[in-house]
Protein chains: 2
Amino acid sequence: MSNENYHHENLKADLIKKGLKLLDEEGYENFSLRKVAKACSVSHTAPYRHFDSKDDLILAIAIEAHLKFNQCLEEAVNKHPKDNKSQLKEMGYAYVKFFVENPEYLRLFFLSDFANNLKKMNHESLLNGEQPFNTFYQAIERCQGEIQNREGESVDPNAMALSCWGLVHGMAILIAKKDFSYDGDYLELVRKVLWAGTFLDL
Amino acid sequence: MSNENYHHENLKADLIKKGLKLLDEEGYENFSLRKVAKACSVSHTAPYRHFDSKDDLILAIAIEAHLKFNQCLEEAVNKHPKDNKSQLKEMGYAYVKFFVENPEYLRLFFLSDFANNLKKMNHESLLNGEQPFNTFYQAIERCQGEIQNREGESVDPNAMALSCWGLVHGMAILIAKKDFSYDGDYLELVRKVLWAGTFLDL
DNA sequence: AATTAATGTTTACAGTGTCAACATAATAAT
DNA sequence: ATTATTATGTTGACACTGTAAACATTAATT
């Protein structure tokens, strides 16, 4: 560390941090490698010593964001230590809330390179129990025994998973993207949907 | 039309057509104005005589695609001329099917500039009854009188709309993006979810 | 027939991701 | 301790992008 101007103490971490900030501020569309480099006061090719490509940096940022997301979901679970259904409902609410409050993460999670990045991510660092979709999925599985439909039959686990996840995911996107317009408190409406006695009371 | 090489008979329509094709083939990420221009055998700035910007062309393409989407939804409605609930279920199925078969349209519809383009579109040419989300929304409204929850109470229209739309939208995205992995026929599973006696049987 | 508008082309510019060649600092091997 | 090696930075170049300005040609209007 003799010449402070040459070696940036921890550039890799800084690129992720500043990159996430840039993404928040300017949006996915206006995100560029060179801007991130400039934000870190470093030459425009310096990131290549730490990331293979732009997509690779975005992937790293996405992983970072997933950790935040996962934390939100787990906090929701912990609100209802012994009630599986309430866990799942609370988690659905947190799921929507997270994306409504961080709409830019939607693109990061689900659009960065359409399945490619996310697929890679799933197979790598997030498979060690920190994957939010696993967190969500597991909560669904814990409920499975407790759910019947109106005829008292048990429910197809796959149909239930798709249904729960789809509902929550769809609401999050529609609201975050402002496609669903409603003249009131969106999150309150979500609460109503999830606790209406229909969700999970198949 | 004396010199065929100079004036391209109907460049505007051709740009939209070839643009849509390019989008299908190369994906949103690799879509470029110059490629579309080249596909139309025209200089790279010619599109600017018909569209203000790249986003403006994409918007026009998105409108074109919405018409296709809308057609799918209306065909679904017409399968059940007098049964509002069946109309809505069939429409939900068509909704998912459309995006599963045309995954690239997801980005076009919901990511082209995050609400900006779509918002413009909603306020312009698609407000004349051709807007698919209106088609969907109206089907929901037609059902409203027929739906009660388990306690026999009528359901908050807004909660119902968000719930129906959200479920279908979410399933479409999760499946199209291959985030929901299932070892079987996805569309059959969707059918099961929608006809399980839970959807619309609040 | 002359003027104007519509629709093309060429050229130029700044911004992008990425690669190759080079420079410096930190580390390992002698 | 000196040297060789590796890690991490910089500079410069390239092809590609969107877009604006200046110019050219054809179609439409007067």
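Chain letters run A, B, ... following the sequence lines, proteins first and then strands; every chain starts at 1.
If Arg49(A) and Arg34(A) are placed on DNA chain C by their nearest nucleotide, the residue sitting closer to the 5' end is Arg34(A). The residue among Asp52(A) and Lys12(B) whose nearest nucleotide of DNA chain C is located toward the 5' end is Lys12(B).
Nearest heavy-atom pair across Met160(B) and Cys143(B) is CE-CB, 3.8 Å.
Rounded to whole Å, atom C1' of dG15(C) lies 15 Å from atom CD of Glu29(A). Protein atom CG of Asp14(A) is 15 Å distant from nucleotide atom P of dT8(D), rounded to whole Å. Look at OH on Tyr48(A): it is 16 Å from C1' on dA21(C), rounded to the nearest Å. When rounded to the nearest whole Å, the span between CG of Asn30(A) and P of dG17(C) equals 11 Å. Across the protein-nucleic acid pair, Ile58(B) atom CD1 and dT17(D) atom P stand 13 Å apart, rounded to whole Å. Between Phe51(B) atom CZ and dT7(C) atom C1' there is a gap of 14 Å when expressed in whole angstrom units. For the pair Asp56(A) CG and dG17(C) P, the interatomic distance rounds to 14 Å; values are reported in whole Å. Taking atom NZ of Lys38(A) as the reference point, atom P of dA14(C) lies 13 Å away to the nearest angstrom.
Taking 4.0 angstrom as the limit, Ser32(B) places a side-chain polar atom (N or O) nearer than this to OP1 or OP2 of dT17(D). Taking only side-chain nitrogens and oxygens, His44(A) never comes nearer than 4.0 Å to OP1 or OP2 of dT18(C).
Of the listed nucleotides (dA22(D), dT18(C), dT19(D)), dT19(D) has the atom at the smallest distance from the side chain of Leu33(B). In the set dG8(C), dG9(D), dT18(C), dT18(C) carries the atom at the smallest distance from any side-chain atom of Lys54(A). Checking dT19(D), dT18(C), dG8(C) against the side-chain heavy atoms of Thr45(A) singles out dT18(C) as nearest. The listed nucleotides are dG9(D), dT9(C), dT16(C); the one nearest the side chain of Lys35(A) is dT16(C).
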Discussion item. Walk me through whether Leu33(A) and Tyr48(A) qualify under side chain to side chain contact (heavy atoms under 4.5 Å, CB included).
Written reply: CA-CA 10 Å; Leu33(A) 250 189; Tyr48(A) 283 87; 3.6 Å; yes

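Exactly one of Phe109(B), Tyr186(B), Tyr105(B), Tyr93(B) qualifies for a ring-ring contact (aromatic ring centres under 6.0 Å, His included) with Phe99(B). That residue is Phe109(B). Each of Gln138(B), Arg142(B), His80(B) was compared with Gln87(B) under the side-chain hydrogen bond (donor to acceptor under 3.5 Å, both in side chains) criterion, and only Arg142(B) meets it.
Between the side chains of Tyr95(A) and Trp165(A), a donor-acceptor pair is found at a separation under 3.5 Å.
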